[in-house]
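Take a look at the structure set out below.
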Amino acid sequence: MNFLNKLNEKEKRIIDIVLNSNNEFKNKIYLVGGVVRDLLMGKKIKDIDFLIEGSAIDFAKNSNLKIKSIHEPFNTVKVEILGEEIDIASTRIETYDYMGSLPNVIETGVKIEDDLKRRDFTINSIGYNLHSNKIIDPYFGQEDIKKGVLKILHEKSFLDDPTRILRGLDFKYRFNFEFDENTTSLIKNCLKTFNNEHLSIDRIYLTLNKIFSYSYSNKILADILNYEIYKIWQNKTDLKTSDIVELDQAKEIFNVFEQNKLYILALESIFYIKAPFKNDFEIYEFFKNFNNVQLALYYFKTKDESALKYLKIKNIKPEINGHDLKKLGFSQGRFIGIILKDILKEKILNPNAFISKQDEIDFVLKNYSPD
């Protein structure tokens, strides 16, 4: 099978440029992981990331590629090709000192088969040699793709990196796959025995931000709640599976584009008290610095319809501005801010108070004296 036939012309050119950029690495340049998986499944690929059986840094430095950045500890490099940022990694072996800690790279430049051992699921442990056009599939990932099965590579995989459970949920709903029986058992064992003392919380939130950004993310959230997967990084949550519909409704009402942030905050046990408001201006003052995510979360938690009221008044603004006030003889500074705030308050509390900009000017001249 020649994957190059499945790529668009630009993708083919990028691969040709990499293949012809350094003859010393002939027969040692691979595609691996998601790009191979997606090509096997006939899906559009997101990125072309290259794997070098050797040193990716040496490969890039001894080629004519434009280097954007180098990461020495992992022997990886980012280059620019045809206006695209491309990652080139070295094959490597990793170990974990503690459950959930970041991995230690103990060797780079190893055989590709050794690199494939460190990956998460069999469907992502498939390599493709760009020189010989041959697939390297020691863990039978192609077979699991055909079966629609998510299968972990080794018994300690989730204990080493519990974010693999979260990524597995993504694959489950993205591809309509299911965990095999052993993998399901290992997930349950991880949830019972995992010690998060050395957990990389940044890695958790990086993964959550990614998997909560899709159209099917509410299904992932439901699994996280149903199977208490959140216990990997936090002890409890007030969120229930039955709340997800209302959470999504709040997302729509408040036009939330950052669904990932809303879901993450909803999982956290943040306590909200319904604020007591005397009038609409107090509502405006309370919510004016809230972003859409915070508004949606407040409404979801409190069911306070004041947040809905804010949506109706948040765009009310004085037509008059500081420049106009200076023309009327008012000095620039705090006093101008007070006047503009008073006009805004009047407009919110008495919607028919001002018909035109001149009405606002008349209000200022009636109630304030220039310097």
Side-chain angles (χ1 to χ4, degrees), residues 209 212-213 217-218 221 237-240 242-371:
N209 268 305
F212 281 162
S213 62
S217 292
N218 53 2
L221 180 58
T237 181
D238 296 328
L239 191 66
K240 300 183 292 294
S242 57
D243 293 330
I244 295 177
V245 171
E246 289 187 359
L247 183 63
D248 282 343
Q249 287 173 346
K251 179 188 70 175
E252 297 301 321
I253 290 171
F254 294 93
N255 200 25
V256 172
F257 292 104
E258 296 175 301
Q259 173 183 272
N260 50 348
K261 292 184 178 179
L262 179 64
Y263 281 8
I264 290 171
L265 287 172
L267 272 171
E268 296 176 351
S269 295
I270 302 173
F271 185 64
Y272 280 85
I273 300 175
K274 185 184 291 188
F277 301 112
K278 296 178 181 177
N279 55 53
D280 287 355
F281 186 68
E282 288 190 359
I283 292 174
Y284 177 90
E285 285 290 288
F286 180 80
F287 289 116
K288 68 180 181 182
N289 293 319
F290 278 45
N291 58 38
N292 285 12
V293 171
Q294 292 167 327
L295 276 168
L297 192 63
Y298 173 89
Y299 178 70
F300 166 72
K301 290 274 190 175
T302 65
K303 305 298 183 292
D304 184 354
E305 294 192 1
S306 297
L308 300 178
K309 179 68 176 181
Y310 175 71
L311 290 181
K312 298 179 180 179
I313 63 175
K314 70 173 185 176
N315 293 320
I316 296 176
K317 298 288 184 291
E319 290 189 50
I320 198 170
N321 57 37
H323 183 68
D324 296 321
L325 291 175
K326 283 188 283 184
K327 282 185 176 180
L328 294 174
F330 295 93
S331 297
Q332 186 176 9
R334 183 172 176 270
F335 189 39
I336 284 181
I338 292 172
I339 295 173
L340 292 175
K341 184 174 180 179
D342 286 348
I343 294 172
L344 176 62
K345 182 177 181 180
E346 190 69 20
K347 293 189 77 166
I348 290 173
L349 294 179
N350 301 293
N352 298 318
F354 305 117
I355 305 301
S356 66
K357 183 176 180 179
Q358 184 60 49
D359 290 336
E360 294 182 14
I361 292 173
D362 293 342
F363 175 84
V364 171
L365 294 175
K366 178 181 178 181
N367 292 280
Y368 306 95
S369 298
D371 296 344

Could you measure the distance from the [atom1] atom of [X] to the [atom2] atom of [Y]? Nearest 0.5 Å is fine.
| X | Y | atom1 | atom2 | value |
| --- | --- | --- | --- | --- |
| Leu340 | Glu360 | CG | CD | 9.0 Å |
| Ile283 | Asp280 | CD1 | CG | 5.0 Å |
| Asp304 | Phe286 | CG | CZ | 8.5 Å |
| Leu247 | Leu221 | CG | CG | 7.0 Å |
| Asn209 | Gln259 | CG | CD | 11.5 Å |
| Ile313 | Leu308 | CD1 | CG | 11.5 Å |

Taking all heavy atoms of [X] and all of [Y], pick out the closest pair and write down the distance.
| X | Y | answer |
| --- | --- | --- |
| Val256 | Asn292 | CG2-O, 3.5 Å |
| Lys317 | Lys347 | O-NZ, 3.0 Å |
| Thr302 | Tyr272 | CG2-CB, 3.6 Å |
| Tyr299 | Ala307 | CB-CB, 4.2 Å |

If we only count heavy atoms from C-beta on, is the [X] to [Y] side-chain gap below 4.5 Å?
| X | Y | value |
| --- | --- | --- |
| Tyr263 | Val293 | no |
| Leu344 | Tyr284 | yes |
| Phe363 | Ile320 | no |
| Ile361 | Asp324 | no |
| Leu328 | Leu325 | yes |
| Asp362 | Lys366 | no |
| Leu239 | Phe300 | yes |
| Asp243 | Asp238 | no |

Just wondering, more than 12 heavy atoms not from Glu305 lying within 6.0 Å of its CD?
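No, the 6.0 Å shell around CD holds no more than 12 heavy atoms from other groups.
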
Next on the checklist: Is it true that, when you exclude Ile355 itself, more than 12 heavy atoms of the residues, nucleotides or ligands shown sit nearer than 6.0 Å to its CD1?
Outcome noted: yes

Using only atom types and a distance under 3.5 Å, with no angle test, would you say the side chain of [X] pairs donor to acceptor with the backbone of [Y]?
| X | Y | value |
| --- | --- | --- |
| Asn260 | Ser213 | no |
| Lys251 | Ala296 | no |
| Asp359 | Ser356 | yes |

Exactly one of Lys345, Lys341, Lys314 clears salt bridge (Lys or Arg N to Asp or Glu O under 4.0 Å) with Glu285, and that residue is Lys341

Angle between ring planes, Phe277 versus Phe287, binned at 30° and 60°: parallel, tilted or perpendicular?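 Rings of Phe277 and Phe287: tilted, 30 to 60°.
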
message = I'd like to know whether Tyr368 forms a side-chain hydrogen bond (donor to acceptor under 3.5 Å, both in side chains) with Asp342, so could you lay out the CA-CA distance, the side-chain angles of the two residues, the decisive distance to 0.1 Å, and finally the verdict.
response = CA-CA 11 Å; Tyr368 306 95; Asp342 286 348; 2.5 Å; yes

Should the pair Glu246-Lys303 be classified as a salt bridge under the 4.0 Å nitrogen-to-oxygen rule?
yes

With Lys312 as the cation and Tyr310 as the aromatic partner, state whether NZ or CZ is under 6.0 Å from the six-membered ring centre and within 45° of the axis. no

If the test is side-chain contact (heavy atoms from CB on, under 4.5 Å), which one of Ile343, Leu349, Asn350 qualifies with Glu346?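 That would be Asn350.
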
